[in-house]
Amino acid sequence: MKNKEIKELSVEELKQRLAEYKKQHADLKMAHFVTPLENPLQIRTARRTVARLATELTNRENQ
């Protein structure tokens with residue numbers, strides 16, 4: 001997800017997407033431990049998306 005897309009989401013949508021991407025990241029890591037993924041960059045992309053979502057959610061809660 002791009003930052004522009006993230007800024008358009010509501011707080012509830014942010015929380016929902018954050019949970020989804022955290023689960024996806026955990027699943028990708030587990031799958032990679034068992035058998036190497038064809039594209040291990042998916043793990044990095046998921047991790048960075050989780051960070052972007054969490055940052056935006058924190059910024060909104062602090063305002």
Side-chain angles (χ1 to χ4, degrees):
M1 292 186 78
K2 301 287 184 184
N3 284 334
K4 183 178 180 182
E5 296 171 1
I6 292 173
K7 290 183 186 293
E8 294 173 355
L9 298 175
S10 69
V11 174
E12 289 302 318
E13 289 174 328
L14 278 173
K15 290 178 182 180
Q16 183 181 14
R17 294 274 175 96
L18 182 60
E20 290 172 10
Y21 276 98
K22 279 185 177 182
K23 182 179 181 344
Q24 178 187 5
H25 180 249
D27 291 344
L28 284 170
K29 282 178 59 177
M30 185 59 70
H32 189 62
F33 284 133
V34 175
T35 57
L37 297 173
E38 284 185 33
N39 186 3
L41 294 178
Q42 293 173 333
I43 297 171
R44 180 171 62 186
T45 304
R47 184 182 72 235
R48 289 182 177 178
T49 303
V50 167
R52 285 186 189 104
L53 289 167
T55 300
E56 181 64 25
L57 187 60
T58 302
N59 288 340
R60 288 189 188 183
E61 289 176 349
N62 288 337
Q63 287 181 354

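These numbers come from a predicted model, not from an experiment. The analysis underlying the following values was restricted to heavy atoms, covering all of them including side chains, and did not include hydrogens, waters or symmetry mates.
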Worksheet item: Rounded to the nearest 0.5 Å, what separation is found between the CD atom of Q24 and the CD atom of Q42?
Response: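 It is 8.0 Å, given to the nearest 0.5 Å.
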Discussion item. Please list all pairs meeting salt bridge (charged side-chain N to carboxylate O under 4.0 Å, His left out) that have one or both residues in residues 30-52, counting only residues at least two apart or in different chains.
Written reply: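 Qualifying pairs, neighbours excluded: none.
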Discussion item. Quick test of your reading: applying salt bridge (charged side-chain N to carboxylate O under 4.0 Å, His left out), list the pairs with at least one residue in residues 16-25, sequence neighbours left out, ordered by first then second residue.
Written reply: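 For residues 16-25: K23-D27.
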Discussion item. Taking transitive links into account, so neighbours of neighbours count too, which hydrophobic residues share a cluster with L28 at under 4.5 Å side-chain distance?
Written reply: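 L37, I43, listed by chain and number.
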Discussion item. Suppose clustering is done on Ile, Leu, Val, Met, Phe, Trp and Tyr with side-chain heavy atoms closer than 4.5 Å. Which residues sit in the same group as V11?
Written reply: M1, I6, L9, L14, L18, Y21, V50, L53, L57
Worksheet item: K7: what forms a salt bridge (Lys or Arg N to Asp or Glu O under 4.0 Å) with it, not counting sequence neighbours?
Response: E56
Discussion item. Restricting to side chain to side chain donor-acceptor pair (under 3.5 Å), what partner residues turn up for K15, sequence neighbours left out?
Written reply: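 Counting only residues at least two positions away or on another chain, K15 forms no side chain to side chain donor-acceptor pair (under 3.5 Å).
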Worksheet item: For S10, which residues count as a side-chain contact (heavy atoms from CB on, under 4.5 Å) partner, sequence neighbours excluded?
Response: E12, E13
